[in-house]
Amino acid sequence: MDIRDIKGIGEKTASLFGKLGIYTMEELLQYYPRNYDCFESPICIRDFDDSKTAAIKGVILDNPTITYTNRYKLLSVIVKDENNDRIKLIWYNMPFLKGTLKSGSTYIFRGRINYKGNNIIMEQPEIYSLHAYDEKMGEMQPIYGLTKGLSGKTVIKAVKEALNICNHEKDYLPLSLRKEYHLAEYNFSVRNIHFPKDMDNLREARKRLAFDEFFRFIISLREFKGKDKREKNNFIIEHHKETEKIIEGLPFNLTDAQKTVFEEIKSDLSGQTVMNRLIQGDVGSGKTIVAVLAMIDTALSKYQAIMMAPTEVLAKQHYDYITQMITDFNLPVETSILTGSMTAKQKRIEYERIKSGNTKIIIGTHAIIQENVIFDNPGLVITDEQHRFGVRQRENLAEKGCRPHILVMSATPIPRTLAIILYGDLDISVMNQMPADRLPIKNCVVGTDYRNNAYKFIEKEVKKGRQVYVICAMVEESDNYEAENVMDYSKKLKNILPSDICVEYLHGKMKPAMKNLIMERFATGEINVLVSTTVIEVGINVPNATVMMIEDAQRFGLAALHQLRGRVGRGKHQSYCIFVNTSKSAEAQKRLDILNKSNDGFFIASQDMKLRGPGDFFGVRQSGEMDFNIADIYSDADILKNASEAVEKMEIGEFEMSAEEKDIYIQEIEKCIKKAYSNINL
């Protein structure tokens, strides 16, 4: 049902929901809260955690004072709790509260507590009488991601209306399955993920909805896998002596892991069935050179080899690397590059070269397999960090009448047991060694008082000719989220660092042409310090970058932090990663210490799973892995395994089902598979 069928939502409000990708009631109900405002028992001032909103019960010591600045009227009072600990409360442009906040009065004050200098303060706290707060205790109010012009109240009202309209559907999972895996009923789960009665209900709701996402994903995956059926290899690709000469002429020796993986690829390419293989290797383990060698073998076998990169800049870097290798070894191979920033004329020229078969190696972004591109004889397609794109591209290329070999590269450190489930349609190769000449990254987890030392260190590294990344969680300042942001931080660094150090910023909201320009300038060394969001996670390869400083590091998942850290340590110079922990939480420090002690992505992922657990609702999502809305492959590993097992049991008819349950299940699965196919860009 269209979202405009909800009472009170007209064209203007519907267009705002559209900016969030919400067009139907189903999509609205699957737009889960990003957090919850939980009214918990008041705490003592000394027990505060600056990463959370908290309530304190305190007595006002003196009447409020008002001071004036250029922008604000600041009203402040000092409050003490039962331990005689004191805290300063501040309100901006709210002088009318002066008559309410009388000396000797006791209230519950609720807000975020933090340090300013040596003072503990709470800014803009809500004020409750003891009785009023007691009535609010236990409430959990949903907090949604918003867009400009759309308020939280509007979303909450729309969700409540949608629940009343849609809350009558029968559960598609049979009761016998739900009992075996202790899963809540679907309608209960949808209502309680948005408006939980308490934390127990929220846990039950989230568990069920995470299970659903995994269950539907695995069903769709098996459908694709069933269609694939390991088709006959129509592109027999042999290993060539020219490729062997390249290996011998490399300025480094391949690791044993690289050699093993390349042998597996060679066996696939020359085997009886089409290759569908995932190379899973930690950041910096040398996946790219193995892929390039496979492309050279393919081209020398007179077939076309295609590589898709996640960004234009990385595509250009791959292209330059391969063309230089072809020149150095005098190979009879022509190459093409296709990116969105090329002119229409440039694209037409490359289209013709590709169609004619003159070019055997083609590099580009995902636009490389759009309708306008007609290949001559594609034998190998490689995708870099495009995890599920392998399934979709096979369907795209199949429509064009071919079934090439598929190689997917991923630096996401997923434990093998989970990888087998998630990549069930792919054979898995693991690259678990780092090149011998690669220096381990030196890490440190620091507090905010270390920043000045960090800035001096950054300046020192730049003066040595090196480059630096600074990562912020946000693009710009927000009233709803306290963290360093790219816009303000880049201005601050320009003022702190010498004027001859070039500081620029990068974020995902910039236009593609500007993003590419900034990344190219950084790749060529024109920019010394790049302040960025996580958009650089898989964006560019800059061996000269030796320092990464990550602000508000506790707000990121460990796997995401490890991916970010992988942007440095890619050259011959010693590299460093500075994790700035802006929280006083012991738990946050414990998590970040894992990164401090290890550069092993697989170890980090396994430790993170142990620490976080499936009950950690408010931790930062690890990544956009597999496009799951609520499930997380790290913290929900057990749920993922259960969902995979349940799919297998359903396929062999192990669960008891009534005729009605069977009909509902079949209808839902058919809808699920249809939706999966609709996501394929044909």
Under the criterion salt bridge (charged side-chain N to carboxylate O under 4.0 Å, His left out), I'd like the reasoning laid out for Arg203 against Asp200: C-alpha separation, chi angles, the key distance, then a yes or no.
CA-CA 5 Å; Arg203 286 193 183 94; Asp200 287 339; 3.3 Å; yes
Would Lys671 and Glu668 satisfy salt bridge (charged side-chain N to carboxylate O under 4.0 Å, His left out), going step by step from the backbone distance to the final call?
CA-CA 5 Å; Lys671 189 166 68 174; Glu668 187 64 28; 3.5 Å; yes
Under the salt bridge (charged side-chain N to carboxylate O under 4.0 Å, His left out) criterion, do Asp171 and Arg208 qualify, and how do the steps go?
CA-CA 12 Å; Asp171 200 321; Arg208 166 60 199 267; 2.7 Å; yes
Assess the residue pair Gln280 and Ser410 against the criterion (side-chain hydrogen bond (donor to acceptor under 3.5 Å, both in side chains)); give the C-alpha distance rounded to whole Å, side-chain angles, the decisive distance to 0.1 Å, and a yes or no.
CA-CA 5 Å; Gln280 191 184 23; Ser410 175; 5.8 Å; no
Check the pair Ile43 / Phe48 against side chain to side chain contact (heavy atoms under 4.5 Å, CB included), numbers first and verdict last.
CA-CA 7 Å; Ile43 64 167; Phe48 84 91; 4.1 Å; yes
Mind running side chain to side chain contact (heavy atoms under 4.5 Å, CB included) on Leu561 and Arg565 for me, showing each step along the way?
CA-CA 6 Å; Leu561 288 171; Arg565 176 171 59 183; over 6 Å; no
Starting from the C-alpha separation in whole Å, work towards a yes-or-no answer on side chain to side chain contact (heavy atoms under 4.5 Å, CB included) for Arg570 and Arg567.
CA-CA 7 Å; Arg570 306 176 80 86; Arg567 291 298 101 199; 3.7 Å; yes
Side chain to side chain contact (heavy atoms under 4.5 Å, CB included) assessment of Met431 paired with Gln258:
CA-CA 6 Å; Met431 207 173 280; Gln258 286 173 314; 3.8 Å; yes
Test side-chain hydrogen bond (donor to acceptor under 3.5 Å, both in side chains) applied to Asp593 and Gln589, step by step:
CA-CA 6 Å; Asp593 278 342; Gln589 184 66 37; 3.1 Å; yes
Stepwise, does the side-chain hydrogen bond (donor to acceptor under 3.5 Å, both in side chains) test hold for Glu551 with Thr582?
CA-CA 8 Å; Glu551 284 285 354; Thr582 58; over 6 Å; no
Please report the C-alpha distance between Asn443 and Asn599 in whole Å, then the side-chain angles of each, then the deciding distance to 0.1 Å, and finally whether the side-chain hydrogen bond (donor to acceptor under 3.5 Å, both in side chains) criterion is met.
CA-CA 9 Å; Asn443 309 291; Asn599 290 316; 3.1 Å; yes
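Taking 4.5 Å as the limit, every side-chain heavy atom of Asn432 sits out of range of all side-chain heavy atoms of Ser285. Taking 4.5 Å as the limit, some side-chain heavy atom of Asp212 sits within range of a side-chain heavy atom of Tyr172. Side-chain contact between Tyr31 and Val159 is absent, with no heavy atoms from C-beta onward closer than 4.5 Å. Counting heavy atoms from C-beta outward, Arg206 and Ile630 have side chains that approach closer than 4.5 Å. Using a 4.5 Å cut-off on side-chain heavy atoms (C-beta onward), Ile279 and Val408 make no contact. Using a 4.5 Å heavy-atom threshold, the side chains of Leu640 and Ile218 count as touching. Taking 4.5 Å as the limit, every side-chain heavy atom of Glu26 sits out of range of all side-chain heavy atoms of Leu28. Thr24 places none of its side-chain heavy atoms less than 4.5 Å from the side chain of Asp2.
Within the 3.5 Å criterion, the main-chain N or O of His182 finds a donor-acceptor partner in the side chain of Lys207. Judged by distance alone, with hydrogens and angles left aside, the side-chain atoms of Thr154 form no donor-acceptor pair with the main-chain N or O of Leu150 at under 3.5 Å. Judged by distance alone, the side chain of Asn192 and the main-chain N or O of Phe188 form a donor-acceptor pair under 3.5 Å. Without hydrogens or angle criteria, Asp198 side chain to Asn201 main chain gives a donor-acceptor distance under 3.5 Å. Under a 3.5 Å cut-off, the side chain of Asn35 and the backbone N or O of Ile143 do not form any donor-acceptor pair. Judged purely by atom type and a 3.5 angstrom limit, Lys287 uses its side chain to pair as donor or acceptor with the backbone of Gly281.
Salt-bridge check for Lys649 with Glu645: passed, with a basic side-chain N closer than 4.0 Å to an acidic carboxylate O. Salt-bridge annotation for Lys136 and Glu139: present, with a side-chain N of the basic residue lying under 4.0 Å from a carboxylate O of the acidic one. For Glu661 and Lys170, the salt-bridge test fails: no basic side-chain N is under 4.0 Å from an acidic carboxylate O.
Residues Thr365 and Met308 share a closest heavy-atom pair of O-CG, 3.8 Å. Residues Cys166 and Leu29 come closest through the heavy atom pair CB-CD1, 4.0 Å. Scanning both residues, Asp268 and His405, for their nearest heavy atoms gives O-CE1, 3.9 Å. Residues Cys577 and Ile441 come closest through the heavy atom pair N-CG2, 3.8 Å. The minimum heavy-atom distance between Ser429 and Arg277, with the atom names listed, is OG-NH1, 2.8 Å. Residue Met650 comes nearest to Met657 through the heavy atom pair CE-SD, 3.7 Å, listed as atom of the first residue, atom of the second, then distance.
Applying the 6.0 Å contact sphere to CD of Glu656 captures no more than 12 heavy atoms from other residues, nucleotides or ligands.
To the nearest 0.5 Å, atom CD of residue Glu180 and atom CG of residue Leu173 are 12.5 Å apart. The structure places OH of Tyr665 at 11.0 Å from CD of Glu670, a figure rounded to the nearest 0.5 Å. Of the inter-residue distances, the one linking Leu209 atom CG with Ser189 atom OG reads 5.0 Å to the nearest 0.5 angstrom. Between the NE2 atom of His194 and the NZ atom of Lys160 there is a distance of 12.0 Å, given to the nearest 0.5 Å. For the atom pair CE of Met434 and OG1 of Thr255, the computed distance is 10.0 Å after rounding to the nearest 0.5 Å. Rounding to the nearest 0.5 angstrom, the gap separating the CG atom in Asn596 from the NZ atom in Lys590 is 15.0 Å.
For Phe628 and Phe214, the gap between ring centers is short of 6.0 Å.
Relative to the ring axis of Phe39, Arg110 places its NZ or CZ within 45° and under 6.0 Å from the centre.
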